[in-house]
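This report refers to the structure that appears directly beneath it.
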Amino acid sequence: MAVLITAAPAALGQIGYEISIETAPGVDPADILDPDGPRIPADTVGGVAQADKDALRYYSTSGQLDRFEAELRRIQTLNPGWLPPPDLLATGPLVDEQPVWDHFGRGALDEARAVLAELRRSNPGWTPSSDLLTKLVLAQERRRLRAAAAAGQWTTVLNQAREHPALIHCNDLEIVWDVADAHAQLGERAAALIAYRRIIDSCRDEAGWIATVEKASRLATYPEILGLTDRVLERAGPGGRTDTLIRAITRVRLGAFVRANDTERLRPPEPATVRAFADAVWAAKELDGALILGWYHHTTARYPSALEWFRAALAWQPDSVGAMEGTLAVLLASDRAAEAERLGRGWLDRGGTIRSIYLDALRSLIGDPDDPPPDEDAIAQAVAVAGEDGAPDLALALGWHFCGRRQWANGVTWFKTALERDGGAEAAKGLALCLHGQGNRAARDRVTAEWRDRSPELAELARAWRRRGRGGRPDPVAQALARGRHAECVRQANAARGTSRYTADTALSAGWCLIELDRPTEAEASFADAVRLATSDRVRRDARYGQVVALNARGLTERAIEAAQGQELEPEQRRDLSQEWLETMAWRAVNAGQYGVALRYTDRFAATAVPTRSIRMARGWALYHLRRLTEALRVFRAVDREFSTRESRNALAVVARRLRPD
């Protein structure tokens, strides 16, 4: 079956409407619009009442073109695909319609209608040809449909298309694309994909195929794109698979593969095809192709190759925002945050995601204690950017940077800023530590009282501050603990050992510092000293709690649980112990290769408290070893986004290498 829309012979080269939509037997072109819509073959439509035809003739001969259009719309709604026969309106004197066709062929619809009206006034009794009037009506409806699409009036688009199926043909694919967009915007994703598929099945134009799969790629999944592009290759046949078509299909497939970001389960394009595409891109110095190849290699963790393509794109177009985005992302993923920060400084106001990637680089540079200290220029830049940025992350990183260097006033300023930006318990903990460092106990205690129930770490700090000796000179061991200077804390405690300065509080503080330094055996001994030297129930209870924590940290979880039985622990201490046991058991299961068990422990933790960084890392590694690589990548990325460290970046690199195809 074919739907044929003809134009006047003189206009054939101008309007390009003479083309059919080829379809399989029994499939109507209207199905492109709505797979559940009417399936009435256009070449079998009949039954239009003579009265309706007479009405069309009357409105035309009387010059009522608007009434003619309305009546034609009504008839076509009842009889989809019907067009007036050429002789329906052939009356009156012979008049040259070519001036109207000339304007129409140029797309000057208003001018065409004006010339037609003038011809009618100059030639009383003349009736324009049915073909001309129908074309004018369809052009007007096309204009309305396209205007509705431009305005986002998607229901109107579909209604227009259903009422005027003659608008649908292979030489005007913009209309079908608008219809597909309308379905997609209205949540009818399957119908949109059917529209794209019908274009491929019905039309034979290579450029139309390419444009259609490119448009479909915004909506379709990677497997769906593979299906659509396979169908294009099938329709083209071995003799029609030109280099242009192959390159276009490879481009679309690579882009869909990158967007899917699921290298574990998805088969990437064939390496030979990618190499051929890369050769063509390199020879043509094509920017978009270089960006696609850069992100493809980034997705598959081939960072040197990705960097090569992004740098090539920058060489070909030095002001390319997309090329700089890719370059910065690769440097950051390659653990080269300092280089990414320096390179990104001059691009902050260029748009895209550059600012977001740059902020990630700054946070990584400033916040990772395992990395060398950033240079002063980086700190100054971070201060300037954080002052403008409304997010808490960079302010938090600056707070920890200044607090760690005992620049208390700067630390207080940035932690307050982070708290104002919803930095949460992390900002409150940092603020309390900096206020403590300043000696501003009143402000510290106000922050602690407000946040201790939402932050176990801050609650523990508060207990440490309470354990500090009252009166006289402040205990230097407790001070070092409160400031997070754990090695200094242990040195001070060892210097006091064997003297009157070695009190139960000193031993208790030293025990917590040793726990932080991952020296649980020594911590257990220090807590035992605190139990022996204790002169109050409070200190003795806290020391026994410390012994339980130390046993758990040594991996002696069963002994820790046994030791905790019968102890008079505070509710928050029992809660903390429960979380520590779950965390320990999760890591023990990971190290023992019991990855399903590890996941159950992480689930139990998440059911009772907000998962800590450590428990999330344990979950990530369990997922990794269970070959649930995409889920593991998602966990590690979330941890790294919140606070990027060498540990989180290494985890990302390991998973990315595993995901990389052979």
Side-chain angles (χ1 to χ4, degrees), residues 3 5 7 14-17 19-21 23 28-38 42 66 69-70 72-74 76-77 80-81 83 103-113 134-203 205 207-221 224-225 228 232 248 252 255-256 259:
V3 175
I5 303 177
Q14 300 172 5
I15 62 176
Y17 270 50
I19 187 167
S20 65
I21 297 182
T23 63
D28 187 80
D31 291 352
I32 293 176
L33 300 175
D34 185 353
D36 299 320
D66 290 340
E69 293 174 357
L72 181 59
R73 282 199 298 272
R74 185 188 68 80
Q76 287 181 329
T77 299
L83 297 174
H103 287 298
F104 181 72
R106 290 193 298 271
L109 184 59
D110 293 336
E111 288 84 347
R113 292 167 67 93
T134 303
K135 289 293 190 301
L136 286 173
V137 171
L138 288 177
Q140 182 70 19
E141 299 307 326
R142 182 188 189 277
R143 173 190 283 182
R144 288 172 179 164
L145 188 151
R146 297 237 67 202
Q153 298 170 354
W154 304 114
T155 301
T156 301
V157 169
L158 295 184
N159 289 339
Q160 282 286 97
R162 291 187 180 109
E163 290 175 11
H164 301 283
L167 290 173
I168 306 300
H169 53 79
C170 289
N171 270 18
D172 196 0
L173 293 183
E174 286 182 338
I175 294 295
V176 192
W177 294 333
D178 284 344
V179 169
D181 284 344
H183 281 303
Q185 293 293 332
L186 293 172
E188 301 165 2
R189 182 175 171 280
L193 291 175
I194 287 173
Y196 292 130
R197 173 68 181 237
R198 292 286 165 77
I199 292 173
I200 296 170
D201 287 345
S202 302
C203 305
D205 177 55
W209 287 339
I210 292 171
T212 296
V213 295
E214 286 175 348
K215 289 180 178 297
S217 68
R218 298 175 301 182
L219 173 72
T221 64
E224 289 166 344
I225 284 296
L228 286 173
V232 169
V252 170
R259 284 190 294 276

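Just so you know, these numbers use all the heavy atoms, side chains as well, and skip hydrogens, waters and symmetry mates. Only a predicted model underlies this, so the values are computations on that prediction, with no experimental measurement involved. If you read the sequence from its start, that first residue is 1, and numbering goes on from there.
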* Structure fact -> Of His183, Glu188, Glu224, the one forming a side-chain contact (heavy atoms from CB on, under 4.5 Å) with Leu193 is Glu224
* Asked: Taking the side chain from Arg259 and the backbone from Ser217, do they hold a donor-acceptor pair closer than 3.5 Å?
  -> yes
* N/O donor-acceptor pair under 3.5 Å between Trp209 side chain and Cys203 backbone -> yes
* To do: Side-chain contact test, heavy atoms from C-beta onward, threshold under 4.5 Å: evaluate it for Asp110 versus Arg143 and give yes or no.
  => yes
* **Side chain to side chain, Tyr196 and Val213, heavy atoms closer than 4.5 Å** => no
* To do: Using a strict cut-off of less than 4.0 Å between a Lys/Arg side-chain nitrogen and an Asp/Glu carboxylate oxygen, indicate whether Lys215 and Asp178 qualify as a salt bridge.
  => no
* **Partners passing side chain to side chain donor-acceptor pair (under 3.5 Å) against Thr156 (at least two apart in sequence or in another chain)** => none
* Asked: Under the side chain to side chain donor-acceptor pair (under 3.5 Å) test, which residues partner Glu174, sequence neighbours left out?
  -> Arg142, Arg146
Once you round to the nearest 0.5 Å, how far does [atom1] of [X] lie from [atom2] of [Y]?
| X | Y | atom1 | atom2 | answer |
| --- | --- | --- | --- | --- |
| Thr155 | Gln185 | OG1 | CD | 11.0 Å |
| Leu228 | Ile200 | CG | CD1 | 4.5 Å |
| His164 | Glu141 | NE2 | CD | 3.5 Å |
| His169 | Leu138 | NE2 | CG | 8.0 Å |
| Ile199 | Thr212 | CD1 | OG1 | 4.0 Å |
| Asp205 | Asn171 | CG | CG | 8.0 Å |

Heavy-atom pair with the smallest gap, counting every atom of [X] and [Y]:
| X | Y | value |
| --- | --- | --- |
| Ala149 | Trp154 | O-CH2, 3.5 Å |
| Ala216 | Ile225 | C-CD1, 4.1 Å |
| Ala180 | Ala192 | O-CB, 3.3 Å |

